[in-house]
Number of protein chains: 2
Amino acid sequence: MPLPETQIPGRLQAYFSERGIRITQQRRAVLRVIETATKHLDASQILRKVQRVDASVDRSTVYRTLQLLKRHGLIDELDLMHIRGEGHYYERKMNREHIHIACLRCGKITEFVTSTYDKLKQQVEKDCHFKILVSRLEVGGYCSACRQ
Amino acid sequence: MPLPETQIPGRLQAYFSERGIRITQQRRAVLRVIETATKHLDASQILRKVQRVDASVDRSTVYRTLQLLKRHGLIDELDLMHIRGEGHYYERKMNREHIHIACLRCGKITEFVTSTYDKLKQQVEKDCHFKILVSRLEVGGYCSACRQ
DNA sequence: TTTCTAGTTGCGACTCGGTCGCATCTGCTG
DNA sequence: CAGCAGATGCGACCGAGTCGCAACTAGAAA
């Protein structure tokens, strides 16, 4: 019998409890929003979604949780070429790093995975004697629809 | 690995006068600072350097000039993995796009040019039917010195 | 050389993303 | 179930960047 959905700890929550990081109601809500997000969210969007579950959650709690996740390498921070505003977008860290392709006209974000990216990072590590922990490749331009 | 200084001084100003963009004392000072910079500067560093020449230049003039340069594709805007603060860094657009490698411990920024990067961008254009105008690849990790 | 004006500037007020200090509260372990 | 380290909410704060407006100026035209 599977547990009811609210009791299934997500991957992020599992990571927290394994490491003895305290899981609070507020954190659980933030993690849930990030885990179930279908697109890139910025901090204020995350806050709004969290507050639909628990209206008392504060901005700073969301920011602090995002910092925590970033420090543990569980989320990636994106700029998305500053298409809308100056803030950052967040997404769960995926198994495979991918390229973010942002259309400067319609604002659509596409993700693209290719082994060439992995090769490029390997080359940087070798040629520059550098240990890569995070990388971010963002591309801006016009998608095929907008070029018509 | 650092790029050679191949830029002819005054190119930005030349671009302006060719296009009939008004050249003011303030703009001249900002362009000069950007053209003679030996490292990546953020807006407030540019302002400080400009004010050493003309103390009356205002923040907003620097920001407006940076916007102008960005719009004309004459400078690149960098995040540099937010090593110090949230602001942006600027550099003259080079002939060849390069990767920015930021050491998360000592803060050193290295630039790296490779044809693999060009190939990767070509692949994105082809596979995603996307016209790339700007791209930004930033890498964070530990340099060889900091790993000792 | 002087005149004229569209474009630029300085200023101050503002927005917005993000941080911090502090009093209060709460997961968690014993 | 008690104790407390660590998390939260709140409000003040910070720094980056923007904007409206009156004053100024580069540079074309006379």
Quick check for you: to the nearest 0.5 Å, what is the distance between A/Q122 atom CD and A/I132 atom CD1?
9.5 Å
CD of B/Q25: more than 12 outside heavy atoms within 6.0 angstrom?
no
Can you see if the side chain of B/H82 gets near the phosphate of C/dG18 - specifically, an N or O under 4.0 Å from OP1 or OP2?
no
B/F16 CZ to D/dG27 P, in whole Å, measures 12 Å
Could you state the CD-P distance from B/E18 to D/dG27, rounded to the nearest angstrom?
14 Å
With the criterion being N/O to N/O and under 3.5 Å, what pairs connect the protein with nucleotides 10-15 of chain D, and how long is each?
residue : atom : partner : partner atom : Å
D/dC10  : N4   : A/S60   : OG           : 3.4

I need the CD-P distance between A/E77 and C/dG17, as an integer number of Å.
14 Å
Between the protein and nucleotides 28-30 of chain D, are there any N/O to N/O pairs under 3.5 Å, and if so, what are the atom names and distances?
none

For residues A/E138 and A/H82, is any side-chain donor paired with an opposing acceptor at under 3.5 Å?
no
Polar atoms only, N or O, under 3.5 Å: list the protein pairs with nucleotides 27-30 of chain C and their distances.
residue : atom : partner : partner atom : Å
C/dG27  : O3'  : A/I23   : O            : 3.3
C/dC28  : OP1  : A/I23   : N            : 3.1

Could you tell me the separation between the CD1 atom of A/I34 and the CZ atom of A/R32, rounded to the nearest 0.5 Å?
12.5 Å
Please report, rounded to the nearest Å, how far the C1' atom of C/dG17 is from the NZ atom of A/K70.
12 Å
Select one nucleotide: of D/dA16, C/dT19, C/dT9, the one nearest the side-chain heavy atoms of A/Y63.
C/dT19
Using whole Å, report how far CG of A/D79 lies from C1' of D/dG17.
14 Å
D/dA7 C1' sits how many Å from A/L66 CG, rounded?
15 Å
CD of A/E86 versus C1' of D/dC19: gap in Å, rounded?
15 Å
Do A/D42 and A/H88 meet the criterion of a side-chain donor-acceptor pair at a distance under 3.5 Å?
no
What heavy-atom pair brings A/I109 and A/R84 nearest, and what distance separates the two atoms?
CG1-NH2, 4.5 Å
Taking CG from B/L47 and C1' from C/dT9, how many angstroms apart are they, rounded to a whole number?
14 Å
Parallel, tilted or perpendicular: which one describes the rings of B/F16 and B/H72, with boundaries at 30° and 60°?
tilted
Taking every non-hydrogen atom, the tightest pair across A/Q26 and A/V57
CG-CG2, 3.8 Å
Check: A/A37 main-chain N/O paired with A/R92 side-chain donor or acceptor under 3.5 Å:
no
What heavy-atom pair brings B/I83 and B/C103 nearest, and what distance separates the two atoms?
CD1-O, 3.4 Å
Take A/K93 and A/L74 through the test side-chain contact (heavy atoms from CB on, under 4.5 Å) and record every step on the way to the result.
CA-CA 5 Å; A/K93 196 145 198 150; A/L74 297 170; 5.7 Å; no
So, OP1 or OP2 of D/dT18: does either fall under 4.0 Å of a side-chain N or O from B/Q67?
yes
